[in-house]
Amino acid sequence: MGLRTLESILLGLLFITHLAFGVELTFELLDNAKDCFYEDIKINTSVTVEYQVVTGGAYDVDVTIENPRNEIIYRNTKSQFDSHTFIADYSGVFAVCFSNEFSTFSHKLVYMDFQVGDEQPLQGLGEHVSVMTQMESSAELIHKSLNSINDHQTHHRLRETQGRKRAEDLNERVFWWSLLETITILVVTVGQVFVLKNFFSEKRPAQYSRL
């Protein structure tokens, strides 16, 4: 394998993001709010939408996906997480909407992974008539492994954030419950002291001397 082929593989590793569009973001969805994300997609393009509610309320949102004709091709109500893959039937702007309109007080923190198009093979691979060399095979394997590691790390961070938020909420509830119990015990104790004090300090009726 020549130096030019190796350079092509390295360039493919560096600029693979230009061959397929992908967006990963975490955003805050306010109560009684609805947020939509739009993307211009060509016909027959594969699209994958993955989402997860990280924190907030009962960890649920309403999700819809609409095609350019305003037809709903996916709907899920009060969902915590899901993944949906579809092929664009039309060219145009598709909308992915997250709704928290059913919630009056709770804000939600939502993670979304919006992948448009299939990932293309690395540049320089498959251009030879002969079988791929060991270096090319290793480069492709490393690339797939890095993508897998990145996905695992993302989901691990989401689970860690969700677990930490649940622990913080539980700790706050335990704190206020313990404080309420402490105040109740103090009030009962003080009340018992006053009751016993009044019981033992009751004055005897005055005795009149005989005339």
Is there a donor-acceptor contact under 3.5 Å from the side chain of Asp31 to the main chain of His107?
no
Any chance you could measure Leu180, atom CG, to Trp176, atom CH2, to the nearest 0.5 Å?
10.5 Å
For a side-chain contact (heavy atoms from CB on, under 4.5 Å) check, start with the C-alpha distance between Asp89 and Asn67, then their side-chain angles and the critical distance, and finish with the verdict.
CA-CA 8 Å; Asp89 295 332; Asn67 63 15; 6.0 Å; no
Interatomic distance, CG@Leu29 vs CD@Glu101, rounded to 0.5 Å, equals 9.0 Å
Side-chain heavy-atom pair Val110, Val61 within 4.5 angstrom cut-off
yes
Tell me whether Tyr59 shares a hydrophobic cluster with Phe27, the cluster being built from Ile, Leu, Val, Met, Phe, Trp, Tyr side chains joined at under 4.5 Å.
yes
To the nearest 0.5 Å, atom CG of Asn32 lies from atom OG of Ser103 at 7.0 Å
Using the side-chain contact (heavy atoms from CB on, under 4.5 Å) rule, take Gln52 and Asp113 through it: C-alpha gap first, then chi angles, then the decisive distance, then the call.
CA-CA 9 Å; Gln52 179 178 341; Asp113 185 6; over 6 Å; no
Taking the side chain as every heavy atom from C-beta outward, state whether His84 and Phe86 have any atom pair closer than 4.5 Å.
yes
With rounding to the nearest 0.5 angstrom, report the CZ to OH distance, Arg69 to Tyr90.
3.5 Å
Nearest non-hydrogen partners of Asp35 and Glu28, listed with the distance
OD2-O, 3.8 Å
Using modelled atom types and a 3.5 Å cut-off, is there a donor and acceptor pairing between side-chain atoms of Thr64 and backbone atoms of Arg75?
no
Is it possible for you to say whether Leu25 and Val96 belong to one hydrophobic cluster, with membership spreading through side-chain heavy-atom contacts below 4.5 Å?
yes
List the atom of Gly92, the atom of Asp40, and the distance in Å for their closest heavy-atom pair.
O-OD1, 3.1 Å
Distance flag, aromatic centroids of Phe114 and Phe94, threshold under 6.0 Å
no
In terms of heavy-atom contacts, does CZ of Phe81 have more than 12 from other residues, nucleotides or ligands at under 6.0 Å?
no
Donor-acceptor pair, distance only, cut-off 3.5 Å: does the side chain of Lys108 make one with the backbone of Asp60?
yes
For Gly57 and Ser106, the nearest pair of non-hydrogen atoms, with its separation, is CA-OG, 3.6 Å
Side-chain contact test, heavy atoms from C-beta onward, threshold under 4.5 Å: evaluate it for Ser46 versus Ile87 and give yes or no.
yes
Do Val93 and Val63 belong to the same hydrophobic cluster, where Ile, Leu, Val, Met, Phe, Trp and Tyr are linked whenever their side-chain heavy atoms lie under 4.5 Å apart, directly or via other members?
no
Lys78 to Asp62 - nearest heavy-atom pair and separation:
N-OD1, 2.6 Å
Mind checking the CZ-CG spacing from Phe175 to Leu170? Nearest 0.5 Å is all I need.
14.0 Å
Hey, is the main chain of Ala33 close enough, under 3.5 Å, to the side chain of Asn100 for a donor-acceptor pair?
no
Between Ala58 and Gln80, the two heavy atoms sitting closest are O-NE2, 3.6 Å
About how many Å separate SG of Cys97 and NZ of Lys34, when rounded to the nearest 0.5 Å?
5.0 Å
Do Tyr74 and Asp82 come within less than 4.5 Å of each other through their side chains, counting heavy atoms only?
yes
Would you call Tyr51 and Phe98 a side-chain contact if the rule is heavy atoms closer than 4.5 Å?
yes
